[in-house]
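Shown next, in structure tokens, is the structure this report addresses.
Since this is a predicted model, take the numbers as computed values, not measurements. Numbering starts at 1 and runs along the sequence shown. Atoms within a ligand are numbered from 1 in the order they appear, just like the ligands themselves.
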Amino acid sequence: MSESSSTNESQKIWLDGEIIDKADAKISVFDHGLLYGDGIFEGIRMYSGRVFRLEEHISRLFSSAKSILLDLPWTEQEVIQATVDTIKANNLVDGYVRLVITRGVGGLGLNPYLCEKPSMFIIAANIQLYSDEAYEKGLELITCATRRPTPASLSPQVKSLNYLNNIMAKIECIQAGVMEGIMLNEQGYVAECTGDNVFIVNKGIVYTPPVSDGSLDGITRDVIFDLCKAEGIELREKTMTRHDIFTCDEAFLTGTAAEVIPFTKLDQRQIGDGTPGTLSKQLITAFRKLANSEGTPCV
Ligand code: PMP
């Protein structure tokens, strides 16, 4: 991810109720977010001075917190306000906001009940995950050997600070010279990508795996459901194998950072005619129009 603000020394960070300089934004080495990945996060986008699907992201954050028994001392409205304040402090019009909540400072043992209180920090930055060329030509993907863990061990709906599973898969992608990869569940069915949801198109119908196959219930995935309905495109949830992707007409990924991006090759198999498909392009256009026209104002 290219992050122009990561080198921006005047960047302001929201940390536990205060907006401070990036250089002063520090957390303890005893924070369990760091010691154990015990915490949660959200990635949110803003377009043209409005935060896209802000309430949905904050609601998912609170669901993640509830699931891991993390009692938050803030209301959803306060977190929304903190997000808007951080964006304003950084004078951002288009960008990406990373909201992180850690279990807080505790002992060296696992026990989360010994942690004093959760910490929250918010970073607002400029990002461009993929090049314009990638959106025009489509990505090449591999299937990762690393599997998504079963929901019986940890629900994929918890956006936890422990992304090692996804990082192991991302390493495979980078070693193969590609940017994203398909992750399968324990049964070998398609779950999602390392940081995106997967869609295919066949004979004019859009398909995506049900989240019960091991994916995050992506907010951009949800937007595609809305857009298909609005554009009169049929969409079905379907358990799928790699074969379904190899033989589909079109394919694309969705994610807050990636937005909607076509992929045109998987494991050396060309998808469709090897260029982004008509319905994919229609949905990309519709997504951009929507993202630039709705959202919570913050300038
Ligand atoms: N799957 C995973 C594992 C992710 O990290 C993300 C990014 N949040 C997604 C899917 C896409 O979800 P969203 O559209 O909500 O960003």
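Hydrophobic clustering, with ILVMFWY side chains joined whenever heavy atoms are under 4.5 angstrom apart, groups L184 together with I271.
A salt bridge links D21 and K12; the closest N-O separation between the charged side-chain nitrogens and carboxylate oxygens is under 4.0 Å. Salt bridge status for E42 with R53: absent, with no side-chain N to carboxylate O gap under 4.0 Å. Salt bridge annotation for E259-R45: present, with a cationic side-chain nitrogen under 4.0 angstrom from a carboxylate oxygen.
Side-chain N/O atoms of Y130 and E180 include no donor and acceptor closer than 3.5 Å.
Under 4.0 Å from any atom of ligand 1, one finds heavy atoms of residues R60, K159, Y163, N166, E192, T194, G195, D196, N197, L216, G218, I219, T220, T254, G255, T256.
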What verdict does the side chain to side chain donor-acceptor pair (under 3.5 Å) test give for T264 and Q270, after you've listed the backbone C-alpha separation in whole Å, the side-chain angles of each residue and the deciding distance to 0.1 Å? CA-CA 6 Å; T264 47; Q270 175 182 293; over 6 Å; no

